Amino acid sequence: MKNKVVLVFFFTIGCIFLSSCFQNRALIVQLQPTPDLGLGTEWALVTDPYAIFRSTHEITATASAHGRRGDVLQVIGKKIISDGKKQTYWYEFQEGWLSETSVKIYSNQLKAITAASEL
């Protein structure tokens with residue numbers, strides 16, 4: 001019985017010694033940044049094949065930039081234009097303004113990116 005205890009003891013010591021001889025490699029996990037999920041921040045998905053950003057919230061305004069279907073943009077402003085019975089929403093982006101007919105609005109960036117991948 002005593003020999004078995006000594007054998008187990010030396011076996012355990014040997015395993016510990018051998019495991020310490022091998023280089024420990026840390027597991028490196030690279031996580032992707034989490035998209036903005038903040039409340040009150042809206043994101044837009046450009047739905048037109050070719051969208052023209054305007055310098056102001058009017059259809060006659062000069063073009064300031066261009067976008068393509070699948071672009072995901074953060075909304076930085078919103079304006080409702082009412083002429084009689086019809087209301088038109090215009091959304092402001094860093095590049096300029098787009099009408100509601102050119103975009104689909106989402107409550108967070110992750111939803112917009114998911115929708116863009118399904119186009």
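Quick caveat, the model's predicted, so the values are computed rather than measured.
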Pair Arg54-Thr56, side-chain contact (heavy atoms from CB on, under 4.5 Å): steps then yes or no: CA-CA 5 Å; Arg54 303 289 178 178; Thr56 65; 5.6 Å; no
Verify side-chain contact (heavy atoms from CB on, under 4.5 Å) between Ile59 and Ser99, making sure each step is shown before the conclusion. CA-CA 8 Å; Ile59 197 67; Ser99 170; 5.8 Å; no
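Every residue was checked against the ring pair (Phe, Tyr, Trp, His ring centres under 6.0 Å) condition with Trp90, not counting sequence neighbours, and none meets it. Qualifying side-chain contact (heavy atoms from CB on, under 4.5 Å) partners for Glu95, counting only residues two or more places apart in sequence or in other chains: Phe53, Ala65, Leu73, Phe93.
Ser64 approaches Gly96 most closely through the heavy-atom pair OG-CA, 3.8 Å. Residues Ala116 and Val72 come closest through the heavy atom pair CB-CG2, 3.9 Å. Contact record, Tyr106 with Ala115: OH-CB, 3.2 Å, taken as the closest heavy-atom pair. Looking at every heavy atom in both residues, Glu100 comes nearest to Thr88 through OE2-CA, 3.5 Å.
Between the CG atom of Asp48 and the NE2 atom of His66 there is a distance of 12.5 Å, given to the nearest 0.5 Å. To the nearest 0.5 Å, atom CD1 of residue Ile76 and atom CD of residue Glu92 are 4.0 Å apart. The CD1 atom of Ile80 lies 5.5 Å from the CD atom of Gln87; values are rounded to the nearest 0.5 Å. In this structure, the separation between OG1 on Thr114 and CG on Leu119 is 11.5 Å, given to the nearest 0.5 Å. From Tyr91, atom OH reaches atom NZ of Lys78 across 5.0 Å, with rounding to the nearest 0.5 Å. Note that the CG atom of Asp71 and the OG atom of Ser102 stand 11.5 Å from one another [nearest 0.5 Å].
A continuous path of Ile, Leu, Val, Met, Phe, Trp and Tyr side chains, each step under 4.5 Å between heavy atoms, connects Ile105 with Leu98, placing both in one hydrophobic cluster. There is a path of hydrophobic side-chain contacts, each under 4.5 Å, that joins Tyr89 to Val46.
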